[in-house]
Trainee: 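Below is the structure I would like to discuss, written out as structure tokens.
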Amino acid sequence: MKYSLLRGMQDIFSEQIYLWQYIEENARKILENFNFQEIRTPIVENAELFLRSIGEDTDIVEKEMYIFYDKKGRKVALRPEGTASVVRAYIQHNLFNNPAPQKFYYFGPMFRYERPQKGRFRQFHQIGVEAFGVSSPWMDAELIYLLKIFLEKLNINNLIYEINSLGCKNCRPQYRRVLFNFLADKVNQLCNDCQRRFEKNPLRILDCKVPSCKETLKDIPLITDFLCQDCKEHFISLQKELNEMNISYIVNPRIVRGLDYYTRTVFEVTTTMLGAQNAIAAGGRYDDLVESFGGPSTPASGFAIGMERLVELCLNSLSLKPKKPFVYVAYTGSSVEKDARKLVNLLRNINIPTETAYENISLKSQLRKADKAGATIVVIVGEEELKKNVYRWKNMKEHSQGETTLEQLLETIRRRYDSE
RNA sequence: GCGGACGUAGCUCAACGGUUAGAGCACUGGACUGUGGCUCCAGGUGCUGCGGGUUCGAGUCCCGUCGUCCGCCCCA
């Protein structure tokens, strides 16, 4: 083998692709019921777009970005996530002039240069959703509700929904100070990772899993006790609305997200089925991001679902029947090949999935192929039958066969196919 | 970025450092000259991931590299 897949990349085909298509079709249907519109943004963008929105001190920016320079020396990047691009598009096309809310969804590949594991790839895919112009917690609740009915539609249960509020630019700085003071004299009792986090991103210390840190930090101040009045009310309303919608969730004040732009609501949907990569969807509110990119002050909220992880769960929760041809056209020799070709095209033109051998091989082989392909009806275009102006048909499931005229053949196939 | 395991046929896996590397499933053809599945027969089933090294001799031992998996970091 001369060439093989780059590390962390994958080919998606055969059984898996049916799942991908099924998931995408269902996502589209549900998202459009909620009046989200699809948006397609480029995979390559100015690197600064991501560096500034995600945050310079985050892992994504520090070690995971695919950055390179194009022929004009522009610093560009493969997108590591979708929100920044949609925000860019929202501002660039003045979509804030349209009536709020403006709601978008996208499917597509994202790129992060990480060490691959199960459920973690360098090119991975997300279904993303972004809603602009609404600050009401109703929108946050709606996003979580949307996630829930989508995942239920895919028959995935046993998921854990966790929410938190990270406050806003008014209350978070105060919390940071409290946190800093609390941690200042404990730093050298913490694990190496936490000591590093203390310098760079103290919030991350909250979800450290090292037992000794957990012990040292059991009385750590929590953001939820320091929210300003508006943030507190926002968070309480969100919970009320989730209750109304019968969504069971956990308030986890230790959830912090890996991107810096979040404000107020953040949430995660996790599973215990995927090992270390347990997050299957996550998102939150980012009320300051549009303005920080030069747009008008615009509240916004969104989330992303990890396709590969979703597909992994669907392998257990769904069993899809593979796509098969309904009719297989076999023929008995080169003298009737042209007639077979005509029939194949005729069937396809009336939307009957049809397969054939394309080559002059024995009838036995053709029937074998028809069987392997899962065709229900085989039509045999035979020299003897053509002399009588009829086609031979064979029902592979009922083990019956007979001869019939072209019109009757098409009519019967049509009726049988439609009743499947 | 750090630590560990693994890599043999399309797939699942065997082979004490010692002949020409095997089994099942799948695949192709035939028995059946114009009729699938079942059975039987015959067969590609292969640069043992790749490149070096040790050795009389390497699928096996060593080094490098590529890839997969697991844990950490982190994330979807």
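Numbers restart at 1 for each chain; the letters A, B, ... are given by sequence-line order, proteins then strands.
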Trainee: Contact list please: residues 389-396 of chain A against RNA chain B, heavy atoms, distance less than 4.0 Å, in numerical order.
Mentor: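 Here the set is A:Arg392, A:Lys394, A:Met396.
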Trainee: Distance between the P atoms of B:G22 and B:A42, in whole angstroms?
Mentor: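 Going atom to atom, P in each nucleotide, I get 16 Å.
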Trainee: Can you confirm whether more than 12 heavy atoms, excluding those of A:Lys397, are under 6.0 Å from its NZ atom?
Mentor: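 Counting other residues, nucleotides and ligands, NZ of A:Lys397 exceeds 12 neighbours.
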Trainee: If we ignore angles and hydrogens, is there a donor and acceptor under 3.5 Å between the side chains of A:Glu130 and A:Tyr286?
Mentor: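 Yes, side-chain donor-acceptor contact under 3.5 Å.
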Trainee: Give me the ring orientation class for A:Phe198 and A:Phe180: parallel if the planes are under 30° apart, tilted from 30 to 60°, perpendicular past 60°.
Mentor: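 Because their plane-to-plane angle is under 30°, the rings of A:Phe198 and A:Phe180 count as parallel.
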Trainee: Given the C1' atoms of B:G57 and B:C38, what is the spacing between them in whole Å?
Mentor: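 Between the two C1' atoms, the distance is 48 Å.
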Trainee: Check nucleotides 2-5 of chain B against the protein and report each pair of N or O atoms closer than 3.5 Å, with its distance, or say if there are none.
Mentor:
{"from": "B:C2", "atom 1": "N4", "to": "A:Arg115", "atom 2": "NH1", "distance (Å)": "2.9"}
{"from": "B:G3", "atom 1": "O6", "to": "A:Arg115", "atom 2": "NH2", "distance (Å)": "3.1"}

Trainee: Please classify the nucleic acid contact of A:Leu363 as base, sugar-phosphate, or nothing, using heavy-atom distances under 4.0 Å.
Mentor: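 Since a base atom lies under 4.0 Å of A:Leu363, the category is base.
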Trainee: Take atom C1' in B:C27 and the same atom in B:G46, then report the distance between them in whole Å.
Mentor: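 Straight-line distance between the two C1' atoms is 15 Å.
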Trainee: Go through the steps to decide whether A:Asn360 and A:Tyr331 satisfy the test side chain to side chain donor-acceptor pair (under 3.5 Å), and finish with yes or no.
Mentor: CA-CA 8 Å; A:Asn360 189 8; A:Tyr331 62 101; 5.2 Å; no
Trainee: Quick one: is B:U33 close enough that its OP1 or OP2 comes under 4.0 Å of any side-chain N or O from A:Ser362?
Mentor: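 No, A:Ser362 has no side-chain N/O under 4.0 Å of OP1/OP2 on B:U33.
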Trainee: Please state the P separation for the pair B:G29 and B:G71 - nearest whole angstrom.
Mentor: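 B:G29 and B:G71 have their P atoms separated by 45 Å.
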Trainee: Counting runs of three or more consecutive pairs, Watson-Crick or G-U wobble, with each distance below 3.5 Å, where are the stems of RNA chain B?
Mentor: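 If one scans RNA chain B for consecutive Watson-Crick or G-U pairs, the stems found are B:1-7 with B:66-72, B:10-13 with B:22-25, B:27-31 with B:39-43, B:49-53 with B:61-65.
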Trainee: Is there a donor N/O on one and an acceptor N/O on the other, under 3.5 Å, for the side chain of A:Lys118 and the base of B:C69?
Mentor: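 Flag unset: no donor-acceptor pair detected.
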Trainee: Can you give the donor-acceptor pairs under 3.5 Å from side chains of residues 7-20 of chain A to other protein atoms, not counting sequence neighbours?
Mentor:
{"from": "A:Gln10", "atom 1": "NE2", "to": "A:Glu308", "atom 2": "OE2", "distance (Å)": "3.3"}

Trainee: When you measure only distances, ignoring hydrogens and angles, does the side chain of A:Glu64 come within 3.5 Å of the base of B:G1 through a donor and an acceptor?
Mentor: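 It does not, because no donor-acceptor pair links the side chain of A:Glu64 to the base of B:G1 below 3.5 Å.
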Trainee: Between atom CD in A:Glu384 and atom C1' in B:U35, what is the gap in whole Å?
Mentor: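 Atom-to-atom, A:Glu384 to B:U35, this comes out as 13 Å.
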Trainee: Looking at the base of B:U35, is there any donor atom on it, or on the side chain of A:Gln366, that sits under 3.5 Å from an acceptor on the other one?
Mentor: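 Per atom types, no contact qualifies.
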Trainee: Check whether A:His234 reaches the backbone of A:Ser135 with its side chain - one donor and one acceptor, N or O, closer than 3.5 Å.
Mentor: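 Yes; judged by distance alone, with no hydrogens or angles, the pair exists.
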Trainee: Report yes if a donor N or O on one partner sits less than 3.5 Å from an acceptor N or O on the other, where the partners are the side chain of A:Lys63 and the base of B:C73; otherwise report no.
Mentor: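 Present.
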Trainee: So, OP1 or OP2 of B:G71: does either fall under 4.0 Å of a side-chain N or O from A:Gln117?
Mentor: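 A:Gln117 to B:G71 OP1/OP2: side-chain N or O found under 4.0 Å.
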Trainee: Apply the side-chain contact (heavy atoms from CB on, under 4.5 Å) test between A:Thr354 and each candidate in A:Val344, A:Asn349, A:Val379; give the one that qualifies.
Mentor: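 The passing option is A:Val344.
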Trainee: For the side chain of A:Arg257, counting heavy atoms from C-beta on, which of B:C74, B:G29, B:A76 is nearest?
Mentor: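 Within the option list, the nearest is B:A76.
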Trainee: Determine, for A:Arg28 against A:Glu24, whether the closest basic-nitrogen to carboxylate-oxygen distance falls under 4.0 angstrom.
Mentor: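 No.
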Trainee: Look at the aromatic rings of A:Tyr90 and A:Phe132 and report parallel, tilted or perpendicular, splitting at 30° and 60°.
Mentor: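 Parallel.
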Trainee: Using the side-chain heavy atoms of A:Pro116, tell me which of these nucleotides is nearest: B:U68, B:G37, B:U35.
Mentor: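 In terms of side-chain proximity for A:Pro116, the closest of B:U68, B:G37, B:U35 is B:U68.
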Trainee: Counting only non-hydrogen atoms, which of residues 368-376 of chain A are less than 4.0 Å from RNA chain B?
Mentor: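 When residues 368-376 of chain A is checked for heavy atoms under 4.0 Å from RNA chain B, the hits, listed by number, are A:Arg368, A:Asp371, A:Lys372.
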Trainee: Using atom CD1 of A:Ile380 as one end and atom C1' of B:U35 as the other, report the distance to the nearest whole Å.
Mentor: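 The distance from CD1 of A:Ile380 to C1' of B:U35 comes to 6 Å, rounded to the nearest Å.
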Trainee: Check whether the side chain of A:Arg204 and the base of B:C73 form a donor-acceptor pair under 3.5 Å.
Mentor: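 Check fails, no donor-acceptor contact within cut-off.
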Trainee: Got a sec? Which of residues 310-321 of chain A come in under 4.0 Å of RNA chain B, heavy atoms?
Mentor: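 Residues of residues 310-321 of chain A that come under 4.0 Å of RNA chain B do not exist, since none gets that close.
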Trainee: Would you call A:Arg112 and A:Glu81 a salt bridge, using N to O less than 4.0 angstrom?
Mentor: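 So A:Arg112 does not pair with A:Glu81 through a salt bridge.
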Trainee: Return the nearest nucleotide to the side chain of A:Leu367; candidates are B:U35, B:G1, B:C75.
Mentor: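 Taking heavy atoms from C-beta onward, the closest nucleotide is B:U35.
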Trainee: If we take the P atom in both B:U20 and B:A14, what is their distance in whole Å?
Mentor: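 Result for the P pair: 24 Å, nearest Å.
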Trainee: Expressed as a whole number of angstroms, how long is the span from A:Glu383:CD to B:G34:P?
Mentor: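 That distance rounds to 9 Å.
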Trainee: Rounding to an integer number of angstrom, what distance separates B:G7 and B:G49 when you compare their P atoms?
Mentor: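 That atom pair is separated by 8 Å.
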Trainee: Test side chain to side chain contact (heavy atoms under 4.5 Å, CB included) on A:Ile163 and A:Gln239 and set out the steps.
Mentor: CA-CA 9 Å; A:Ile163 62 169; A:Gln239 294 175 50; 3.8 Å; yes
Trainee: Are any of the side-chain nitrogens in A:Lys324 or A:Glu420 under 4.0 Å away from the carboxylate oxygens of its partner?
Mentor: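 Looking at A:Glu420 together with A:Lys324, the answer is no, because their closest N to O distance does not fall below 4.0 Å.
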Trainee: Expressed as a whole number of Å, how far does the P atom of B:C66 sit from that of B:C25?
Mentor: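 One P to the other, the span is 39 Å.
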Trainee: When we call it a touch if two heavy atoms are under 4.0 Å apart, what does A:His125 touch: a base, just sugar-phosphate, or nothing?
Mentor: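 Touches nothing.
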Trainee: For A:Thr58, answer base if it contacts any base atom (sugar-phosphate contacts may also be present), sugar-phosphate if it contacts only those atoms, and nothing otherwise; contact means non-hydrogen atoms under 4.0 Å.
Mentor: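 No contact.
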Trainee: When the P atoms of B:C13 and B:G4 are compared, how many Å lie between them, rounded to an integer?
Mentor: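 Looking at atom P only, B:G4 and B:C13 are 25 Å apart.
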Trainee: Before we go on, tell me: are the rings of A:Phe226 and A:Tyr175 under 6.0 Å apart, centre to centre?
Mentor: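 So the answer is yes for these two rings.
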Trainee: Starting from C1' on B:C40, measure out to NZ on A:Lys364 and report it in whole angstrom.
Mentor: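 The distance from NZ of A:Lys364 to C1' of B:C40 comes to 13 Å, rounded to the nearest Å.
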Trainee: Is there a donor-acceptor pair under 3.5 Å between the side chain of A:Asn164 and the backbone N or O of A:Ile255?
Mentor: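 It does hold such a pair.
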